[in-house]
Amino acid sequence: MQQELARLAVMKDEDICLNDTDIPSIENWDNAVHGKFYRPFKQSITIRVDRDVLAWFKARKGAYQTSINKALREYIIAHTQK
């Protein structure tokens, strides 16, 4: 195994032939889980929000900070696709 990895390490990517014929093709991604293996780096900040806004997020199911982050991300996406 180590010899094989060492041999592959010195090869160019385009010279490596991947035999993926035994891997089934996925046609339906309806049950795919977003973000299962990728976790972006988080940065801790201090932010001031209106008391009622914070109360609304805290009253929802789940972590309120994650919900705020998701809402901000959706806002960014909505305003950058125009």
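Both Leu72 and Ile45 are part of a single hydrophobic cluster, where members link through side-chain heavy atoms under 4.5 Å apart. Linking ILVMFWY side-chain heavy atoms closer than 4.5 Å, directly or via other members, places Ile47 and Val53 in a single hydrophobic cluster.
Annotation: side chain to side chain donor-acceptor pair (under 3.5 Å) contacts involving residues 36-45, sequence neighbours excluded, are absent. Pairs engaging residues 4-18 under the side chain to side chain donor-acceptor pair (under 3.5 Å) rule: Glu4-Arg7 [sequence neighbours left out].
Taking OG1 from Thr66 and CZ from Arg73, the interatomic distance works out to 11.5 Å, rounded to the nearest 0.5 Å. Separating the CZ atom in Arg48 from the CG atom in Leu54 is a distance of 12.5 Å, to the nearest 0.5 Å. In this structure, CD in Glu74 is found 10.0 Å from CG in Asn69, a value given to the nearest 0.5 Å.
Not one N or O on the side chain of Asp50 forms a donor-acceptor pair closer than 3.5 Å with the backbone of Asp52.
For the pair Ala71 and Phe57, the tightest heavy-atom approach, listed with the atom from each and the gap, is CB-CZ, 4.0 Å.
Within a 6.0 Å radius of CZ in Arg60, more than 12 heavy atoms belonging to other residues, nucleotides or ligands are found.
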